[in-house]
Number of protein chains: 2
Amino acid sequence: MSTAAPPTRGRPGGSRGTDLLAAARDVFLAHQYAGATMDAVAARARISKQTLYRQYPSKDELYAAVVRDWVDRGRDAMSPHLQKLTVTTDIRNGLLELARTLHAGVLSDPVLRMRTLITAEAERFPDVAADYVRRSWDRNQTLLADALEHLSERRLLRIESSQMAAEQFTWLALAAPLNRLTLTAGAARYTPDELETLVQEAVTTFLGRYEMP
Amino acid sequence: MSTAAPPTRGRPGGSRGTDLLAAARDVFLAHQYAGATMDAVAARARISKQTLYRQYPSKDELYAAVVRDWVDRGRDAMSPHLQKLTVTTDIRNGLLELARTLHAGVLSDPVLRMRTLITAEAERFPDVAADYVRRSWDRNQTLLADALEHLSERRLLRIESSQMAAEQFTWLALAAPLNRLTLTAGAARYTPDELETLVQEAVTTFLGRYEMP
DNA sequence: CCTACCGATCGGTAGG
DNA sequence: CCTACCGATCGGTAGG
């Protein structure tokens, strides 16, 4: 039957939909907005520029779609880890694990590049930036606050403002390497030992304030 | 004497030296690297492109000079405030003051723009970025660590690693608004009340760990 | 679908 | 000093 052609034969290997966005994302992350040419996107997606422009009528709209797709795909990355934290019996170990998860999630090359891209284009694309902050950053902060709230109800922590506690935890664990790697485009790598020391110290300071006496 | 011509008459008002760098800085901060044209720099400095290119043979070298000049000019901005902290008798108030100073210094529009510019160009100009981090950021962190060390010797704090304590203080006070303002290009402004709450909470958590019992 | 092209921008130079 | 220009790049289009 002609409708049962082998998958490797069907249409001539052009990317579309998610694949096109993945190709575009690669190009934007590798070269930033200005350096990402529509020719490069089309070539990487193995489609013609004509086809590219039929799906996204301008570079601006392609960029907005790439960021939206990125946020959608990373929406619930933290949830399972926070779920695990809420049922822990060892509060210190639970927080240490979470801090290491934060490092792995945020200090990776693609995440740092996406943050730099969004930051550099925030003035020209304020809505794209605001959507990223709200649906990615704020959402994860709220989920962490909920988890801390839960631990507070279980009498493992003593927290007045769970939002403030969530921010303090996040930044104690994350801010130093995030600042450094961001400013140097990843050139100033942290060693695993340095990160582990940072995690330990962050949790110690956090528990100094919020541990149940 | 011809050498005593009035200052308003001498040469036809063109900028050079520091003035040229100030003009270039304005243009780079307003439009980022790609959007800053050499024509705009020359126009703002009121010199010809020919004169501009005689002083800086390429846009790349002009950019590097602008960042170097920026670091030089901001080199000792923190020193007087840290000096004040080391002789305080009220440790909590001293730290609150310092946190407010950090906010004023780092969360200003030009500083945020310079950080975004350096970040966006860090891959193409790794040496410029590394020099900024070392001479601006690392230096201030070390100065703060020295001040905390001093307070530790005065038995107002109990600190094991003054570098770690300095980083924790900095990021407890600064990271949340810095992250937000950076990602949104300053669109998500913090109210003075929010900043003051943040400062209070940062100092409370910091003292929870490092206050002398 | 594909290629060739337009129109605009901009770093850098002095050809014309 | 200044203006006009070159050469290259690139978003977007179908003119030619």
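Here is the naming used below: chain letters follow the sequence lines, and residue numbers restart at 1 for every chain.
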Starting from [atom2] on [N], measure out to [atom1] on [X] and report it in whole angstrom.
{"X": "A:Tyr53", "N": "C:dT3", "atom1": "OH", "atom2": "C1'", "answer": "15 Å"}
{"X": "B:Arg124", "N": "C:dG11", "atom1": "CZ", "atom2": "C1'", "answer": "12 Å"}
{"X": "B:Arg54", "N": "C:dA14", "atom1": "CZ", "atom2": "P", "answer": "14 Å"}
{"X": "B:Ile47", "N": "D:dC2", "atom1": "CD1", "atom2": "P", "answer": "10 Å"}
{"X": "A:Asp39", "N": "C:dC1", "atom1": "CG", "atom2": "C1'", "answer": "15 Å"}
{"X": "B:Lys59", "N": "C:dT9", "atom1": "NZ", "atom2": "P", "answer": "15 Å"}
{"X": "B:Gln50", "N": "C:dG12", "atom1": "CD", "atom2": "C1'", "answer": "12 Å"}
{"X": "A:Leu62", "N": "D:dG12", "atom1": "CG", "atom2": "C1'", "answer": "13 Å"}

Report task. Identify whether any heavy atom of B:Ala36 sits under 4.0 Å from a base atom; if not, whether one sits that close to sugar-phosphate; answer base, sugar-phosphate or nothing. Result ->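 The residue B:Ala36 makes sugar-phosphate contact but no base contact.
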Query raised in the report: Looking across every strand, which nucleic acid part, if any, lies under 4.0 Å from B:Ala40 by heavy atom: base, sugar-phosphate, or nothing?
Result: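 Counting heavy atoms under 4.0 Å across all strands, no contact is made by B:Ala40.
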Query raised in the report: Can you tell me the Watson-Crick or wobble partner of D:dC10, both distances under 3.5 angstrom?
Result: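 Base partner found: C:dG7.
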Query - Pairing partner (Watson-Crick or G-U wobble, both distances under 3.5 angstrom) of C:dG15 - result: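 Per the H-bond distance test, none.
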Query - Test log, rule ring-ring contact (aromatic ring centres under 6.0 Å, His included), inputs B:Phe125 and B:Tyr33 - result: CA-CA 11 Å; B:Phe125 299 95; B:Tyr33 187 91; 5.6 Å; yes
Query raised in the report: Between A:Asp131 and A:Arg68, does at least one N-O distance fall below 4.0 Å, as a salt bridge requires?
Result: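 No salt bridge links A:Asp131 with A:Arg68.
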Query raised in the report: For A:Tyr132 and A:Asp138, what are the C-alpha separation, side-chain angles and deciding distance, and is it a side chain to side chain donor-acceptor pair (under 3.5 Å)?
Result: CA-CA 9 Å; A:Tyr132 170 74; A:Asp138 291 354; over 6 Å; no
**Report entry** Most 5' of B:Ser48 and A:Pro57 on DNA chain D, judged by nearest nucleotide
**Finding:**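 First, find each residue's nearest nucleotide; the 5'-ward one identifies B:Ser48.
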Query raised in the report: How far apart are the C-alpha atoms of B:Asn179 and A:Arg115, what are their side-chain angles, what is the distance that settles it, and do they pass the side chain to side chain donor-acceptor pair (under 3.5 Å) test?
Result: CA-CA 10 Å; B:Asn179 181 60; A:Arg115 283 177 53 95; 2.7 Å; yes
**Report entry** Phosphate-side-chain proximity, B:Thr51 and D:dC1, N/O vs OP1/OP2 below 4.0 Å
**Finding:**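 Checking D:dC1 against B:Thr51, a side-chain N or O does come within under 4.0 Å of OP1 or OP2.
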Query raised in the report: Angle class for the B:Trp137/B:Trp171 ring planes (parallel below 30°, perpendicular above 60°, tilted otherwise)?
Result: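 If you compare the ring of B:Trp137 with that of B:Trp171, the planes turn out parallel.
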